[in-house]
Protein chains: 2
Amino acid sequence: MKVTRETDYAIRAVLLLSEDRGKTLPVSALSEKMDLPRSFLAKILQKLSRAGIVESIRGASGGYRLKRNPSRISLYDLYKAVQGEFVVNECAVEGRVCSRKERCAVHPVWKKIEREAVREMKKHSIASLSGEKSSQRS
Amino acid sequence: MKVTRETDYAIRAVLLLSEDRGKTLPVSALSEKMDLPRSFLAKILQKLSRAGIVESIRGASGGYRLKRNPSRISLYDLYKAVQGEFVVNECAVEGRVCSRKERCAVHPVWKKIEREAVREMKKHSIASLSGEKSSQRS
DNA sequence: AGGAAACAGGATAAAATTTGTCCGATATGA
DNA sequence: TCATATCGGACAAATTTTATCCTGTTTCCT
Ligand code: FES
Ligand code: FES
């Protein structure tokens, strides 16, 4: 559930890609401009690529560019592409074995926190977050 | 931010302690009844003890008992006693070094998720969660 | 007094996760 | 062909999670 460096880096990279919209940037440029470890970022971009969020262009003058409109990329999309399903408590995951699940009164609380957090992350698109000065109220 | 086994176990133990209210139970009993690893649970109870949530009675026929009324013990109290401050993204922690903090539009989103989750956890007391059928009373 | 039951606190450690690096293979533009 | 890139897999350090064990101390009971 916690947002790791991986996801944080993914967000920063995608934010940068959304600035020069449609532009293709190599990992080196993204890494330098956002001060992120290069080879780690490379791995992260592969995940985003597989998730259909960015697109890779191989070969000389290649790099990465957004595949979707920034307004259609939410924080949740990035979280999920990088970290997978958002889970508050392993015990409350659907399909997990937990002998107490039926009578557990705490379970629903974790589920609610989960839903609220996901909802909040879905609310914010890269488009609404980019541009430094965007006074997004929520 | 994720709820670890430690916190999950703490909640189960405190729930059991709240059933026999005021009763003192040794770690062995708590461990057996809730099927939790004994020595691990012992460590967790020490944390709860230091946080003033439970009280330890040493010596033969000793054990642990609640120090506060179950209606005054929230999930958040337990989370904090065991895992410390609730944090969604390390980058967004107060007082942390992050060069981009000032102009970062994502920061407020993590903070909001944090506030909402903490609020939700504070809303539920052990009293309101115990008794399987969630009959509210205090 | 002595023994058994129980917690306190520190040391230790296995397993899992996070946070990366590196390299050989492949693709592509000039 | 050569320089520039990504791809995918292997590897690895650091940290966190999930425990266990041991020695010491307290307290009840006989
Ligand atoms: S869901 Fe497993 S104990 Fe609550
Ligand atoms: S708070 Fe550090 S980059 Fe957003």
Task: Nucleotide D:dC7, atom P - distance to CD1 of A:Ile44 in whole Å - done: 14 Å
TODO: Send over the distance from B:Ile57 CD1 to D:dT27 C1', rounded to a whole Å.
DONE: 12 Å
- [ ] Measure the distance from CD on A:Glu90 to C1' on D:dT16 and round it to the nearest whole Å.
- [x] 14 Å
Open item on the list: With a cut-off of less than 4.0 Å, is there a side-chain N or O of B:Ser56 near OP1 or OP2 of C:dA8?
Closed with: yes
Open item on the list: Students often get this wrong, so: under 4.0 angstrom with heavy atoms, is B:Gly59 touching a base, only sugar-phosphate, or nothing?
Closed with: base
Open item on the list: Whether B:Ser28 contacts C:dA5 is assessed here as follows: a side-chain N or O lying under 4.0 Å from the phosphate OP1 or OP2. Is that the case?
Closed with: no
- [ ] Output yes when a side-chain donor or acceptor of A:Glu55 lies under 3.5 Å from a complementary backbone atom of A:Arg65, and no otherwise.
- [x] no
Open item on the list: Listing request: all ring pair (Phe, Tyr, Trp, His ring centres under 6.0 Å) pairs with a residue in residues 20-62 of chain B, at least two apart in sequence or in separate chains.
Closed with: B:Tyr9-B:Phe40
Task: Electrostatic pair B:Glu116:B:Arg119 at N-O distance under 4.0 angstrom - done: no
Task: Residue pair B:Leu48 / B:Ala10: nearest heavy atoms and the distance that separates them - done: CD1-CB, 4.1 Å
Open item on the list: Mind checking if A:Leu45 touches a base, just sugar-phosphate, or nothing, with heavy atoms under 4.0 Å?
Closed with: nothing
Open item on the list: Rounded to whole Å, please give me the gap between CG in A:Leu48 and P in D:dT6.
Closed with: 13 Å
- [ ] Please list residues of residues 72-79 of chain A whose heavy atoms come under 4.0 Å from any atom in DNA chain D, ordered by number; otherwise none.
- [x] none
TODO: Could you note down all residue pairs passing salt bridge (charged side-chain N to carboxylate O under 4.0 Å, His left out) where residues 1-11 of chain A supplies at least one of them, sequence neighbours left out?
DONE: A:Lys2-B:Glu90, A:Arg5-A:Asp8, A:Glu6-A:Lys47, A:Asp8-A:Arg12
Task: Under-4.0 Å salt bridge between B:Asp77 and B:Lys122 - done: no
Open item on the list: From CD of A:Glu55 over to C1' of C:dA27, roughly how many Å is that when rounded to an integer?
Closed with: 15 Å
Task: Test ring-ring contact (aromatic ring centres under 6.0 Å, His included) applied to A:Tyr64 - qualifying residues, sequence neighbours left out - done: none
TODO: Could you tell me the separation between the CG atom of A:Leu66 and the CD1 atom of A:Ile53, rounded to the nearest 0.5 Å?
DONE: 9.5 Å
TODO: Return the value, rounded to whole Å, for the distance between atom CG of B:Asp8 and atom P of D:dT17.
DONE: 14 Å
Task: Footprint string (nucleotides 10-26 of chain C, 5' to 3'): B base within contact, S backbone only, - free, heavy atoms under 4.0 Å - done: B--------BBB----B
Task: Contacts of A:Glu32 that satisfy side chain to side chain contact (heavy atoms under 4.5 Å, CB included) - sequence neighbours left out - done: A:Ser28
